[in-house]
Number of protein chains: 4
Amino acid sequence: MSPRTKEQFDEIRSERKARIMQAALEVFSEEGFGKASISKIAGRAGVSKGLMYNYFKSKEELIETIFIDAMTRLMSGFEVNPKTTPSKEEFTLFIKKSMDDFKNNLPYWRMYFSVMMQADVMHKVEKELFEFAMPVIMMMAKYYESQGFENPLAKARLLAATLDGIGLNYMMDTENFPYEEAIDMIIEKLI
Amino acid sequence: MSPRTKEQFDEIRSERKARIMQAALEVFSEEGFGKASISKIAGRAGVSKGLMYNYFKSKEELIETIFIDAMTRLMSGFEVNPKTTPSKEEFTLFIKKSMDDFKNNLPYWRMYFSVMMQADVMHKVEKELFEFAMPVIMMMAKYYESQGFENPLAKARLLAATLDGIGLNYMMDTENFPYEEAIDMIIEKLI
Amino acid sequence: MSPRTKEQFDEIRSERKARIMQAALEVFSEEGFGKASISKIAGRAGVSKGLMYNYFKSKEELIETIFIDAMTRLMSGFEVNPKTTPSKEEFTLFIKKSMDDFKNNLPYWRMYFSVMMQADVMHKVEKELFEFAMPVIMMMAKYYESQGFENPLAKARLLAATLDGIGLNYMMDTENFPYEEAIDMIIEKLI
Amino acid sequence: MSPRTKEQFDEIRSERKARIMQAALEVFSEEGFGKASISKIAGRAGVSKGLMYNYFKSKEELIETIFIDAMTRLMSGFEVNPKTTPSKEEFTLFIKKSMDDFKNNLPYWRMYFSVMMQADVMHKVEKELFEFAMPVIMMMAKYYESQGFENPLAKARLLAATLDGIGLNYMMDTENFPYEEAIDMIIEKLI
DNA sequence: GATGAATGAGTATTCATTCAT
DNA sequence: AATGAATGAATACTCATTCAT
């Protein structure tokens with residue numbers, strides 16, 4: 001009976017950490033940040049309350065970690081290549097794909113918007129958020145510049161804001177909001 | 001000798017009520033609904049916790065009252081006339097004026113977005129929100145229709161979503177977001 | 001316009017005091033002591049909260065006053081004459097009449113039992129309670145003595161206890177408890 | 001190294017639970033249900049407020065649990081055998097034993113009477129109370145029937161009421177109430 | 001590493017009582 | 001005398017966090 005190797009421990013750790021984070025994401029998105037309790041998350045993850053603190057120093061750290069993880073996951077869909085400038089077709093495809101991605105990750109986005117509204121959490125996460133968002137914005141700006149638009153950064157930020165607005169409205173009124181049409185119009189008018 | 005007159009009491013009441021609502025608005029907008037506690041609001045208003053319940057039966061009632069008050073205040077800026085359809089100039093002016101209004105009422109809007117994110121609070125004010133928002137959306141749709149656009153309702157919802165997105169981004173990054181430019185572009189592209 | 005005379009003031013005072021006590025009794029018996037609030041009582045009496053304290057120094061004093069008033073009212077039904085000893089017929093009639101009285105004053109009795117259970121209130125009122133109850137017990141003892149029973153005081157206390165028990169059970173299960181039969185049996189067996 | 005075993009946890013839990021229930025019983029019986037606060041009970045049990053909710057979901061659940069526990073304990077003394085009908089000697093013994101039991105469990109009985117007076121609490125435990133009390137009443141009725149008495153159910157209820165009354169009076173005036181004599185008289189007159 | 005018992009500060013809400021007028 | 005606004009301590013309950021084992 002030999003003790004577990006360091007590798008085995010690490011594996012257990014990261015598997016369990018993932019499980020906790022998954023549970024936390026679910027609970028956050030189901031109940032909102034305010035009502036999501038450590039107990040419930042621990043229960044959902046099949047882990048004791050005490051053990052949670054072995055993986056995350058505090059609820060705050062859990063939130064931050066989750067948020068950054070979610071961002072990473074979401075932004076990875078954007079596949080921004082900082083070296084090249086997309087063509088119109090590529091850019092259009094990028095928007096379509098991104099918005100498609102959005103629909104497939106509503107829980108993450110719900111959390112994203114929820115966090116954005118909580119001034120205190122927001123501040124903790126601001127830096128990371130900008131790190132993720134900036135490359136996308138810059139890519140958009142580069143695209144607009146390449147197409148000869150003036151004030152490309154402003155255009156990029158407007159586009160991003162518009163996509164935010166569409167996402168938000170879709171989230172709030174999933175049944176009735178004309179999601180596909182809105183995206184098509186945006187592509188037609190703003191790209 | 002004699003008790004205070006009804007007028008005196010009414011004056012005290014409305015002065016205090018206003019102070020409480022102002023404090024509540026501030027706290028809600030600074031901390032979000034989740035973390036805004038009755039204690040904090042009472043403290044900010046310079047009033048005892050107990051007194052709060054003299055003016056509002058519950059936290060819920062306070063939230064609703066504030067929200068409806070804020071909505072009324074905000075929507076009054078929109079001056080929607082349900083009988084007539086605006087011309088392009090009028091509609092443009094309406095958008096500009098509305099967005100100008102937005103800048104002057106950031107605290108209220110912060111609360112508006114905060115509410116939109118909290119499913120539970122949202123449900124309580126859903127009815128009022130739709131009562132306020134629907135006439136605006138319908139007016140926008142009528143405008144698009146009169147201009148010969150197809151799918152005017154979808155266009156109207158997209159416009160509203162876009163304005164939401166601009167507001168949200170301006171709120172989150174007041175320093176850098178190109179607010180005026182974004183509005184001008186919207187007017188140029190979507191109207 | 002002459003000022004009111006002292007008599008007029010006194011009249012107002014005692015009329016109002018009676019109104020407050022009536023309201024308090026109602027509220028106590030409807031909601032129990034625990035949940036009966038000064039506000040509610042004041043409202044029911046058509047009087048301001050502040051004024052209540054002009055008539056009763058505290059809620060405690062109000063309770064005591066009410067209780068003693070209720071006792072006086074209830075015990076007056078017993079018409080105990082300390083000088084004479086009742087005959088068997090008189091005593092039987094006394095019991096029947098008393099128990100009849102009980103049915104007509106359920107709210108008072110509910111309060112009586114309710115108070116009896118609250119150790120703290122009980123202590124305040126103990127003296128008065130005994131002042132009222134003792135003459136009745138003594139009369140009962142005298143009756144038993146006159147009938148040649150041994151240990152008349154114990155018999156009297158047992159009778160009083162039995163009547164308490166019947167009242168209590170009737171109060172708790174008014175629908176099903178065989179009130180009249182129980183009294184008839186008591187009269188047959190214990191008198 | 002290893003967490004406590006399930007057995008250790010169970011032991012801690014039941015030891016603590018017992019301590020809380022004991023404290024609750026004391027406080028309930030001293031102060032009545034109305035004034036017995038969770039704080040006071042926690043303090044008496046030497047336990048934090050929070051921990052109480054680890055063992056009982058709510059004050060209501062605590063009350064019910066205590067009450068049912070007390071009833072079970074009390075009624076176990078009655079040893080009712082639903083199959084057989086007691087002889088006069090057995091029945092007499094049963095009454096004596098029951099009333100003896102009563103003296104040894106005054107705190108429980110204080111709580112019992114206290115509950116009976118509080119309409120709201122009463123409703124919560126009504127079902128349990130009747131489940132416990134009914135077999136006893138029915139056994140009493142069967143006894144009376146076997147002895148050839150008419151209206152045996154009414155007689156049974158009267159007997160129960162009388163015992164209630166004796167208990168109540170003993171509780172209120174332990175010093176002077178002639179408990180033993182009263183029981184002897186009851187056995188002589190009502191059995 | 002792992003457990004869940006335990007804590008204590010926090011939450012919304014209620015209410016007897018005081019007090020300026 | 002009369003009012004009701006105002007207070008503050010109390011209530012039941014929650015929950016992030018710590019800690020003995």
Side-chain angles (χ1 to χ4, degrees), chain A residues 4 9 12-13 16 34-43 47-60 62, chain B residues 1-6 8-13 15-17 34-42 46-60 62, chain C residues 4 9 12-13 16 34-43 47-60 62, chain D residues 1-6 8-13 15-17 34-42 46-60 62:
Chain A
R4 271 175 270 206
F9 274 125
I12 291 174
R13 270 196 83 78
R16 189 128 50 183
K35 296 190 69 181
S37 76
I38 290 286
S39 271
K40 212 168 275 172
I41 294 168
V47 139
S48 76
K49 255 186 304 175
L51 193 54
M52 300 270 308
Y53 287 82
N54 206 312
Y55 291 86
F56 303 94
K57 291 207 300 290
S58 66
K59 194 186 182 186
E60 261 183 33
L62 174 59
Chain B
M1 189 67 92
S2 66
R4 273 178 264 213
T5 63
K6 191 170 181 320
Q8 282 175 305
F9 277 129
D10 281 355
E11 203 180 322
I12 292 174
R13 276 194 83 78
E15 191 270 329
R16 274 281 188 281
K17 191 163 189 170
K35 297 194 67 180
S37 74
I38 291 286
S39 279
K40 220 168 271 173
I41 294 168
V47 136
S48 73
K49 254 186 306 176
L51 189 56
M52 301 273 307
Y53 289 85
N54 205 316
Y55 291 90
F56 302 94
K57 284 206 303 288
S58 66
K59 194 187 180 184
E60 249 183 48
L62 173 59
Chain C
R4 271 175 270 205
F9 274 125
I12 291 174
R13 269 195 85 79
R16 189 127 50 184
K35 297 189 67 180
S37 76
I38 290 286
S39 271
K40 212 168 275 173
I41 295 168
V47 140
S48 75
K49 257 187 301 176
L51 193 54
M52 300 269 307
Y53 287 82
N54 206 313
Y55 290 86
F56 303 93
K57 292 208 296 293
S58 67
K59 194 186 181 183
E60 263 183 32
L62 173 59
Chain D
M1 190 67 92
S2 65
R4 273 177 265 212
T5 62
K6 193 171 180 319
Q8 283 175 304
F9 277 130
D10 281 356
E11 203 181 320
I12 292 174
R13 277 194 81 78
E15 191 270 329
R16 274 279 189 281
K17 191 162 188 171
K35 296 195 68 179
S37 75
I38 291 287
S39 278
K40 218 168 272 172
I41 294 167
V47 136
S48 73
K49 252 185 308 173
L51 189 56
M52 302 273 308
Y53 289 86
N54 205 318
Y55 292 89
F56 302 94
K57 283 205 306 288
S58 65
K59 194 187 181 184
E60 251 183 45
L62 174 59

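Given the structure is predicted, the values throughout are model-derived calculations rather than measurements. The analysis underlying the following values was restricted to heavy atoms, covering all of them including side chains, and did not include hydrogens, waters or symmetry mates. Order of the sequence lines sets the chain letters (A, B, ...), proteins ahead of strands, with each chain counted from 1.
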Quiz prompt | Under the 3.5 Å Watson-Crick or G-U criterion, the dot-bracket string of DNA chain E, with | for inter-strand pairs | solution = .||||||||||||||||||||
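- Checked against salt bridge (Lys or Arg N to Asp or Glu O under 4.0 Å), Glu11(D) has no partners two or more places apart in sequence or in another chain.
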With the criterion being N/O to N/O and under 3.5 Å, what pairs connect the protein with nucleotides 9-11 of chain E, and how long is each?
{"from": "dG10(E)", "atom 1": "O6", "to": "Lys49(D)", "atom 2": "NZ", "distance (Å)": "3.3"}

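- Distance NZ (Lys6(B)) to C1' (dT3(F)): 13 Å, rounded to an integer number of Å.
- When all heavy atoms of Lys49(C) and Ser39(C) are compared, the pair lying nearest together is CD-OG, 3.4 Å.
- Side-chain N/O atoms of Asn54(D) include none lying less than 4.0 angstrom from OP1 or OP2 on dA6(E).
- Closest contact between the side chain of Ser58(A) and the listed nucleotides dT17(F), dT3(E), dT17(E) involves dT17(F).
- Put simply, CG on Asp10(B) is 13 Å from C1' on dT3(F), counting in whole angstrom units.
- In this entry the distance linking CE of Met52(D) with P of dC15(F) reads 18 Å, nearest Å.
- When each of Tyr55(D) and Tyr53(B) is assigned the nucleotide of DNA chain E with its nearest heavy atom, Tyr55(D) is the one assigned upstream, toward the 5' end.
- Every residue was checked against the side chain to side chain donor-acceptor pair (under 3.5 Å) condition with Lys17(B), not counting sequence neighbours, and none meets it.
- Contact record, Lys40(D) with Lys35(D): NZ-O, 3.9 Å, taken as the closest heavy-atom pair.
- Rounding to the nearest 0.5 Å gives a distance of 8.0 Å between OG of Ser58(B) and CG of Leu62(B).
- Residue Phe56(B) contributes atom CZ, which lies 13 Å from atom P of dA5(F) at whole-angstrom precision.
- Between the CZ atom of Phe9(B) and the C1' atom of dC19(E) there is a distance of 11 Å, rounded to whole Å.
- When the C1' atom of dA20(E) is taken as reference, atom CD of Gln8(B) falls 10 Å away, rounded to whole Å.
- Checked against dA6(F), dA6(E), dA5(F), the side chain of Arg16(D) finds its nearest nucleotide in dA6(E).
- With sequence neighbours excluded, no residue forms a salt bridge (Lys or Arg N to Asp or Glu O under 4.0 Å) with Lys59(C).
- The distance from the CD1 atom of Ile41(B) to the CE atom of Met52(B) is 5.0 Å, given to the nearest 0.5 Å.
- Residues satisfying the side chain to side chain donor-acceptor pair (under 3.5 Å) test with Tyr55(C), not counting sequence neighbours, are Arg16(C).
- Minimum atom distance to the side chain of Leu51(C) is reached by dA2(F), of the listed dA16(E), dT3(E), dA2(F).
- Of all heavy-atom pairs between Asn54(B) and Arg13(B), the closest is O-NH2, 3.0 Å.
- Across all strands shown, Arg13(C) has no heavy atoms under 4.0 Å from either base or sugar-phosphate atoms.
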